[in-house]
Amino acid sequence: MCTSPVWPSSAAEAEAVQEALRPRLDLTGPGPLRPSTVAGVDVAYAGDRLAAAVVVLDGTSLEVLEQVTVTGPVAFGYMPGLLAFRELPSLVEALERLTLTPELIVCDGYGLAHPRRFGLACHLGVLTGLPTIGVGKTPFVGTFDEPGLTRGSWSELRLDGDVVGRVLRTRDGVRPVFVSVGDRMDLETACHNVLALTPRHRLPETTRAADRLCRRALADSLV
């Protein structure tokens, strides 16, 4: 599923990798409107250890079809804008262990809404060749107006005058999420999928399932 990645050893090398891979992005998509399978990915940390989780859900029922975890040492130091390099080695390994190939990957993080327009969702999309979306809990870059209070309301997330995502209300009167495309996806289709994955809660069911799984795997690995 994944192309051979390059894992840098310094911030300068990491930024160079992002710059080199960014031209490979497909930001027009449109991507799957009704994917039959959707994967959520997330990572939990405890000191210098992490647990990465991938959970594949049925795109209609949102039932769990497959899940994989990988635990191990953190591969890269924490630096703003380079979080992907801490998480990608373990996430790529987890994705390669899947027996199902998801039609869409939803990341707990960002895609185009990134200082170099190449967040985790973009990087994972390029490496896997699969459509990806980033759904952030809080803003990372850019400016925006508050969207309307009803579910489905949205406003543009802009960075240096360019639209890099949407601020999307997934529940009436509840804080919005920050949606940006990763790869092989357009923004309209990305938001359509995020709303389909949030029938009851603020965050996508993919994110919620992966979060629970990686936290549990991390706790088990520390026993």
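Keep in mind that this is a model prediction, so the values were computed, not measured.
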Under the salt bridge (Lys or Arg N to Asp or Glu O under 4.0 Å) rule, collect the residues that match up with Arg158, sequence neighbours excluded.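 For Arg158 the salt bridge (Lys or Arg N to Asp or Glu O under 4.0 Å) partners, ignoring immediate neighbours, are Glu156.
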Sorted by chain and residue number, the salt bridge (Lys or Arg N to Asp or Glu O under 4.0 Å) partners of Arg116 (sequence neighbours excluded) come out as Glu15
Quiz question: by atom type and distance under 3.5 Å, do the side chains of [X] and [Y] form a donor-acceptor pair?
| X | Y | value |
| --- | --- | --- |
| Arg208 | His201 | yes |
| Glu103 | Ser36 | yes |
| Glu146 | Ser155 | no |

Show the nearest heavy-atom pair for residues [X] and [Y], with the distance to one decimal.
| X | Y | value |
| --- | --- | --- |
| Met79 | Ala11 | SD-CB, 3.4 Å |
| Thr132 | Ala121 | OG1-O, 2.8 Å |
| Ala84 | His123 | CB-ND1, 4.3 Å |
| Phe140 | Pro115 | CE2-CD, 3.3 Å |

Are [X] and [Y] packed together at the side-chain level, in the sense that at least one heavy-atom pair is separated by less than 4.5 angstrom?
| X | Y | value |
| --- | --- | --- |
| Phe76 | Leu88 | no |
| Leu159 | Arg117 | yes |
| Leu62 | Pro199 | yes |
| Val70 | Arg97 | yes |
| Leu95 | Leu124 | yes |
| Glu63 | Leu57 | no |
| Pro102 | Val38 | no |
| Pro139 | Phe144 | yes |

[atom2] on [Y] to [atom1] on [X], rounded to 0.5 Å:
| X | Y | atom1 | atom2 | result |
| --- | --- | --- | --- | --- |
| Leu91 | Glu96 | CG | CD | 11.5 Å |
| Leu168 | Leu157 | CG | CG | 12.0 Å |
| Thr150 | Arg171 | OG1 | CZ | 11.5 Å |
| Leu25 | Met185 | CG | CE | 13.0 Å |
| Glu87 | Asp108 | CD | CG | 8.0 Å |
| Leu50 | Cys214 | CG | SG | 9.5 Å |

Tell me who clusters with Leu222, hydrophobic residues only, linked when side chains sit under 4.5 Å apart either directly or through other members. Leu218
Before giving the answer on side chain to side chain contact (heavy atoms under 4.5 Å, CB included), spell out for Leu100 and Leu65 the whole-Å C-alpha distance, their side-chain angles and the decisive distance to 0.1 Å. CA-CA 9 Å; Leu100 294 172; Leu65 300 178; 3.8 Å; yes
So, does [X] use its side chain to make a donor-acceptor pair with the main chain of [Y] at under 3.5 Å?
| X | Y | answer |
| --- | --- | --- |
| Arg49 | Thr71 | no |
| Asn193 | Pro32 | yes |
| Glu66 | Thr99 | yes |
| Thr198 | Leu195 | yes |
| Asp58 | Thr60 | yes |

Output yes when Arg212 and Asp42 qualify as a salt bridge under the 4.0 Å nitrogen-oxygen rule, no when they do not. no
Arg216 and Asp220 ion-paired at < 4.0 Å: no
Mind running side chain to side chain contact (heavy atoms under 4.5 Å, CB included) on Leu98 and Val54 for me, showing each step along the way? CA-CA 8 Å; Leu98 289 174; Val54 178; 3.8 Å; yes
Please determine whether side chain to side chain contact (heavy atoms under 4.5 Å, CB included) holds for the pair Thr69 and Leu213, giving the CA-CA distance in whole Å, both sets of side-chain angles, and the decisive distance to 0.1 Å. CA-CA 8 Å; Thr69 60; Leu213 182 60; 3.4 Å; yes
Ser90: which residues meet the side-chain hydrogen bond (donor to acceptor under 3.5 Å, both in side chains) condition with it, sequence neighbours left out? none
What residues form a side-chain hydrogen bond (donor to acceptor under 3.5 Å, both in side chains) with Arg166, not counting sequence neighbours?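 Partners of Arg166 under the side-chain hydrogen bond (donor to acceptor under 3.5 Å, both in side chains) test: Glu188.
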Heavy-atom count check: over 12 atoms from other residues, nucleotides or ligands less than 6.0 Å from Arg151 CZ?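 Buried by this count: over 12 neighbours within 6.0 Å.
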Using a 6.0 Å distance limit plus a 45 degree cone around the ring axis, check whether Arg86 lies over the aromatic ring of Tyr45.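 Yes.
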Mind listing the side-chain donor-acceptor pairs of residues 173-183 below 3.5 Å, one per line with the distance, residues two or more places apart or on another chain?
unit_1: Ser180; atom_1: OG; unit_2: Gly111; atom_2: N; d: 2.8
unit_1: Asp183; atom_1: OD1; unit_2: Asp26; atom_2: N; d: 2.7

For a side chain to side chain contact (heavy atoms under 4.5 Å, CB included) check, start with the C-alpha distance between His192 and Leu33, then their side-chain angles and the critical distance, and finish with the verdict. CA-CA 7 Å; His192 171 88; Leu33 188 64; 3.3 Å; yes
State which residue, out of Val106, Thr207, Thr206, Val135, fulfils the side-chain contact (heavy atoms from CB on, under 4.5 Å) condition with Val194. Val135
Do the side chains of Leu21 and Leu112 join up, straight or via other hydrophobic residues, at under 4.5 Å, putting them in one cluster? yes
